[in-house]
Every structure is written in structure tokens, then in C-alpha cells.
Amino acid sequence: MTKTRTPGAESGPASTIPAIPRQDVLGRLVALASASTTELKEQWRVLFGAEPPPYSRKFLESRLAYRIQELAYGGLKPETVARLEALGEQIDGKNITLRRIRQEQRPIAGTRLLREWQGVEHVVTVTRDGFEWQGRPYQSLSAIARAITGTRWNGWVFFGIRARGEA
């Protein structure tokens, strides 16, 4: 997942990502904890050859720690990457919606979600592949909420799994 710049793609010279000597790894990992956010972002630019994402300091530290080790010891073998992708597809069946939902946030298959709307109680069952409402499969809770209300809703909010405005 490394971005490299190709010559001629920009007006300046191509960016090269430096190799990290193995004896420097421990010291660089320890230094991440005391580095300022500005320093972490600069390290990101050097080690990834791209602008840092607008994520938390904790994310930057952990991803930089991995990158330092990756550049010193080497990354995952292509066979390992292929195996991990295959395992991921077995888990989610290439279902893009399920990939976006963190597994720990998703209710367990078999869970029944209840919601009363305009005097009618609606029951949704969480399935392995998505959700079921009135005997029909749905990919998302938002689609079910829209079918019930006729308007767009965040399904997680509609069914009370997440409060409005919660990330």
C-alpha cells in the first residue's frame, strides 16, 4: 500500500523512500512516542512518499511503527497477502457493505432488532450476510429503515444501535 512517485509525474525529482538499517529500528520506534504530531507527519511524508491522512496521533504512531519495521525487515510476502485476502473474502463473501462495518460493531447473527414506528413493531433479524425484515434479505439497516419510513435514515441510528452524531 505504498505510494511511489514516478519521474515526470511532478515538477520535482522522484521521491525515494529510504531503507532503514535494522539496528536503528528500536530507537526509531521509541522516538515515535515523544515526537510531536508535526514530526510524525513529516516522518509519514518521508516513509510513505505521500501526505499523511487526517487521522489521530495514535493511528499515525502505529502505522509509522509498522512502516519502520517493514522498511527494515521487509513487508509481507505476496503469498501471505493473497492468503489474507482469500480469508477475508471467506468471512464477508465479497460483500462491500459488511467490509465497511467493523466486526466488533456488527450485532451477532441471530440478533433480533425491534423498532416501533407509527404504532407498528418492526423486527429485523441479523443474518450472516446482512439483515432480514419481513422475510426479505437486505444488505443494510439503512435500506430497511427507508422501506419502513419512506425517508432516508441512518439504519444504526433508526434501530438504536448508535446514537445520532456518534462516530
Side-chain angles (χ1 to χ4, degrees), residues 1-3 28-71 75-167:
M1 196 168 118
T2 0
K3 291 184 180 181
R28 289 187 72 162
L29 294 177
V30 170
L32 290 175
S34 61
S36 68
T37 304
T38 304
E39 292 168 331
L40 291 176
K41 289 180 179 183
E42 185 53 39
Q43 282 190 54
W44 187 284
R45 289 180 190 98
V46 171
L47 298 178
F48 286 96
E51 284 300 307
Y55 299 143
S56 70
R57 175 189 173 84
K58 186 174 183 176
F59 173 85
L60 293 175
E61 279 184 48
S62 67
R63 190 64 188 97
L64 283 167
Y66 181 89
R67 184 68 171 150
I68 289 166
Q69 294 172 79
E70 180 182 43
L71 291 172
L76 296 174
K77 295 178 184 175
E79 302 84 33
T80 305
V81 172
R83 179 69 177 138
L84 289 170
E85 287 174 357
L87 288 170
E89 288 175 2
Q90 285 178 6
I91 291 171
D92 65 21
K94 296 184 182 181
N95 183 332
I96 301 299
T97 302
L98 292 180
R99 285 185 198 166
R100 284 191 234 142
I101 301 169
R102 290 186 183 156
Q103 197 61 32
E104 67 270 9
Q105 291 178 335
R106 184 175 161 68
I108 299 169
T111 301
R112 293 177 56 196
L113 306 173
L114 303 173
R115 169 66 198 251
E116 185 178 321
W117 180 257
Q118 295 183 344
V120 178
E121 186 176 82
H122 298 275
V123 180
V124 173
T125 304
V126 179
T127 64
R128 188 171 167 265
D129 300 323
F131 306 93
E132 184 179 292
W133 174 65
Q134 293 186 337
R136 293 183 52 212
Y138 286 84
Q139 297 262 329
S140 72
L141 287 173
S142 296
I144 297 171
R146 186 173 189 183
I148 292 170
T149 65
T151 60
R152 292 188 182 272
W153 271 85
N154 176 314
W156 295 85
V157 172
F158 182 79
F159 285 98
I161 297 171
R162 185 181 307 148
R164 184 179 299 272
E166 196 177 304

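Keep in mind it's a predicted model, so treat the numbers as computed, not measured. In this chain, residues are counted from 1 in sequence order. Computation of the quantities below employed the complete heavy-atom set of this structure, encompassing side-chain atoms and omitting hydrogens, waters and symmetry-equivalent molecules.
- Once rounded to the nearest 0.5 Å, the distance linking CZ of Arg57 with OG1 of Thr37 reads 4.5 Å.
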- Task: Carefully, step by step, assess Arg63 and Trp44 under the rule side-chain contact (heavy atoms from CB on, under 4.5 Å).
- Result: CA-CA 9 Å; Arg63 190 64 188 97; Trp44 187 284; 3.5 Å; yes

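- The salt bridge (charged side-chain N to carboxylate O under 4.0 Å, His left out) test applied to Glu42 returns Arg45, not counting sequence neighbours.
- Taking Tyr66 as the reference, nothing meets the ring pair (Phe, Tyr, Trp, His ring centres under 6.0 Å) condition, with sequence neighbours excluded.
- Contact detail for Ser142 and Gly155: the closest heavy-atom pair is OG-N, 2.9 Å.
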- Item | Verdict with supporting geometry, Val126 and Ile108, side-chain contact (heavy atoms from CB on, under 4.5 Å) | CA-CA 7 Å; Val126 179; Ile108 299 169; over 6 Å; no

- Residues Ile148, Trp153; criterion side-chain contact (heavy atoms from CB on, under 4.5 Å); working and verdict: CA-CA 10 Å; Ile148 292 170; Trp153 271 85; over 6 Å; no

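- In Arg83, the CZ atom is not crowded: 12 or fewer heavy atoms of neighbouring residues, nucleotides or ligands sit closer than 6.0 Å.
- In this structure, CD on Glu70 lies 7.5 Å from CG on Leu76, to the nearest 0.5 angstrom.
- Going from atom CZ of Arg136 over to atom CD1 of Ile144 covers 9.5 Å, rounded to the nearest 0.5 Å.
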Tabulate below the donor-acceptor pairs under 3.5 Å that side-chain atoms of residues 112-121 make, not counting sequence neighbours, or state none.
| unit_1 | atom_1 | unit_2 | atom_2 | d |
| --- | --- | --- | --- | --- |
| Arg115 | NH1 | Phe158 | O | 2.6 |

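- Looking at Pro137 and Asp129, their side chains never come closer than 4.5 Å, going by heavy atoms from C-beta outward.
- The two residues Pro53 and Phe59 come nearest to each other via the heavy atoms CG-CE2, 3.8 Å.
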- Could you walk me through whether Leu64 and Phe48 pass the side-chain contact (heavy atoms from CB on, under 4.5 Å) test, one step at a time? CA-CA 9 Å; Leu64 283 167; Phe48 286 96; 4.1 Å; yes

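- With rounding to the nearest 0.5 angstrom, the CZ atom of Arg67 is 14.5 Å from the CG atom of Leu60.
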